[in-house]
Amino acid sequence: MNIRAIAGYRTYAYQKGLWDYYASTQGKDYADTYYARPG
């Protein structure tokens, strides 16, 4: 198995955009499972 880091640092704004997008399209439970809340 190969493990590769894709993103080591995300700005607050970028992380908020990711979480907000997945929370609105897939639901908050999904977003919380796969994406950290910003901050």
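Computed from heavy atoms alone, side chains included, the values below leave out hydrogens, waters and symmetry copies. Owing to the predicted nature of the structure, the values given are computational and were not obtained by experimental measurement.
- Residue pairs that meet the salt bridge (Lys or Arg N to Asp or Glu O under 4.0 Å) test with at least one member in residues 30-39, sequence neighbours left out, are Asp32-Arg37.
- Tyr34 is linked by a ring pair (Phe, Tyr, Trp, His ring centres under 6.0 Å) to Tyr30, counting only residues two or more places apart in sequence or in another chain.
- Residues forming a side-chain contact (heavy atoms from CB on, under 4.5 Å) with Ala23 (at least two apart in sequence, or on another chain): Trp19, Lys28, Ala31.
- Thr33 is linked by a side-chain contact (heavy atoms from CB on, under 4.5 Å) to nothing, counting only residues two or more places apart in sequence or in another chain.
- The salt bridge (charged side-chain N to carboxylate O under 4.0 Å, His left out) search around Lys16 returns Asp20, not counting sequence neighbours.
- Counting Ile, Leu, Val, Met, Phe, Trp and Tyr side chains that sit under 4.5 Å apart, directly or through other members, Met1 shares a hydrophobic cluster with Ile3.
- Checked against side-chain contact (heavy atoms from CB on, under 4.5 Å), Thr25 has the following partners two or more places apart in sequence or in another chain: Tyr21, Tyr22.
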